[in-house]
Q: 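Take this structure, written in C-alpha cells, and hold onto it; I'll ask about it next.
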Amino acid sequence: MSTIEAKPGLHHTVADWQNNNRQLSATAEHERDVSHVIRQEGRSLRNETTIKTWWDESDTCRRLGDRIWDVARCKDSLEACALEVDKEMEALTVSKEELEQALAATAVPLEVTQECLTLRQGRRGLELVGDPVEEELKQEVRLIERVQQELQQHIDHTFEQLCVLQEARHQMTMDLQNKMDALDVDRTCLSLTLKSAQISLKTNPMRIPTGTVTPQEWAQFSQFNVACAQEAMQFSQQMRENASLTRSKLQNELETQRRATEFALRKRTHNEEQSRHELEWQLKITEDEISEMEADIRGLDQDLQVKTFSLKLAHTRLENRTCRPGMDLCRDQVQLGLVKEVQQLEASIKALDQKLGEAQHSLQKMCLHHARMSQDLNRKQEALSLEQRSLNTRQRLTDTTSAAVVGDKPAIAGVVPLTNSSGRSRLKTLA
C-alpha cells in the first residue's frame, strides 16, 4: 500500500518572522518595565504600610495605656469613696445600736413609774389624794412615752439612711466590678502581640455593641455614683450628730424628771411622817384625856351614889318624922333643915347627873374620834408604807444608772453632756 503525503502548511514570510521577533522583544521589555514599576511601588507600599501599621499599633497601645490609667484612677476614686461609705455605714450602725440601747433602757423607767402609780392607787380614804407626786409620775410617764417615740423615729430614719448607703455602696460595687473587668480586658489587649496565640480574625469586629456610651457619659456615671455616695454620707453624718444630741437631750430630760419625781416623793413621804407623828401625839393625849375622863366619870358616879344615899337618908328621916303624934308634928328647924337638905341633895344629884351625862357624851365622842384617828393612822401608815415601797422601787433606776457608769455603757437615766459625734474614735473598715 502506497504512503499518502501530508499537505504542506502555510508558509510565512521572512518579514512576518522578523516582525514577530521584534514584537516579542518589545512586549517582554514592556512587561519588564511594568513589573519594575510595580515592584518599586510594592516596596514603597510595604514600607509605607509597615510604618503606618507600627505607628497605628503604637498609638493604640498608648491609647490603651491612657485608658487603663483613666479607668484605674476612676477605680481608685471609687474604692476610696467605697471605703468612706463602709466607715460611715459602720458609724451609722453604731449610732443605731446606741439609739436602740437607749430605747431599750426606757423600758425599766416606764415599768417602775407605772408600778409606782399602781402602788399609790392602793391608798385608802382621804390618803388617796391627787398630790404633786402623782402629777410628777404622770408627767414622767408622758415624757418616757415621748422619748420612746422620738427614739423610735430616729431609729427608723437611721435604718432608712442605712438602706440608702447600702444602695450607694451597691452601685459603687457594681461600678468597681465593671471597672476591674474593663481593666482586665484593656490590659489583656495591651499585652497582646503579633506572636500571641490568642489573635485571630473576627467577624465584624468594628460593630458597635448595644449599650455603648460616650466617654463623657462614662465619666459622668462614676462621678454621679461618687456624688450620690458623698451626699448620702454627709446626710448620714448630720443624722448621727442629731441623733447623738437628741439622745443626750432626752437622757437629761429623763434624769431631770426622775429627780423631780423623787424629790416630790421624798417630800410627800416627809409630810406623811410628820402627819403620822402629829396624829400619834394626838392619839396619845386623847388616850390620856379619855383615861382622866373615865376616872372623873367614876368619881361623878361614886359621888352621885353617895348623894343618892344621903337623899335616901334625908327622905327616910322626913318620912319617919311625919309619924310624930299630935302637937309634936311640928315644922321645926329639924324639919326645915331636912327639907333644905333634900332640896340641896336633889339639886346636887341633878347637877351631878347632868355633868355625868355630859362627861359620858364627851367620852363617847372622844372614843369615836379616837377610833377615827386610829383608822386614819392605820391608813397613813399604809400610805407611808406604799410611799416607801415606791421609793424602794425607784431605787432600781439608781442601780441601773450606777451599773451603766461602772460598765461604761450609756444609760437612759444618767446625765450626759450635750456633745456631737465629731469626737468619736475612728471606726474599723468593713470587710
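Because the structure is predicted, anything quoted here is derived from the model rather than measured. All values below were derived from every heavy atom in this structure, side-chain atoms included, with hydrogens, water molecules and symmetry-related copies excluded.
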Q: Under 4.0 Å between a side-chain nitrogen and a carboxylate oxygen: does that hold for D332 and R321?
A: yes
Q: Between D301 and I297, is there a donor-acceptor pair closer than 3.5 Å when you use the side chain of the first and the backbone of the second?
A: no
Q: Salt bridge between R62 and D59, side-chain N to carboxylate O under 4.0 Å?
A: yes
Q: Just jot down the side-chain contact (heavy atoms from CB on, under 4.5 Å) partners of C367, sequence neighbours excluded, or say none.
A: I290, L363
Q: Please assess E150 against R146 for the test side-chain contact (heavy atoms from CB on, under 4.5 Å), listing each intermediate value before the final yes or no.
A: CA-CA 6 Å; E150 291 188 19; R146 179 175 65 84; 2.8 Å; yes
Q: For W281, give me all partners under side-chain contact (heavy atoms from CB on, under 4.5 Å), at least two apart in sequence or on another chain.
A: E278, I285
Q: Quick one: side-chain contact (heavy atoms from CB on, under 4.5 Å) partners of F221, sequence neighbours excluded?
A: D175, N225
Q: L313: which residues meet the side-chain contact (heavy atoms from CB on, under 4.5 Å) condition with it, sequence neighbours left out?
A: R317
Q: What pairs with S58 under side-chain hydrogen bond (donor to acceptor under 3.5 Å, both in side chains), at least two apart in sequence or on another chain?
A: none
Q: I'd like to check the salt bridge (Lys or Arg N to Asp or Glu O under 4.0 Å) partners of E280; sequence neighbours left out, ordered by chain and number.
A: R276
Q: Should E382 and R379 count as an ion pair when the cut-off is N to O under 4.0 Å?
A: no
Q: Among E140, E387, E115, E136, find the residue that satisfies the salt bridge (Lys or Arg N to Asp or Glu O under 4.0 Å) test when tested with R394.
A: E140
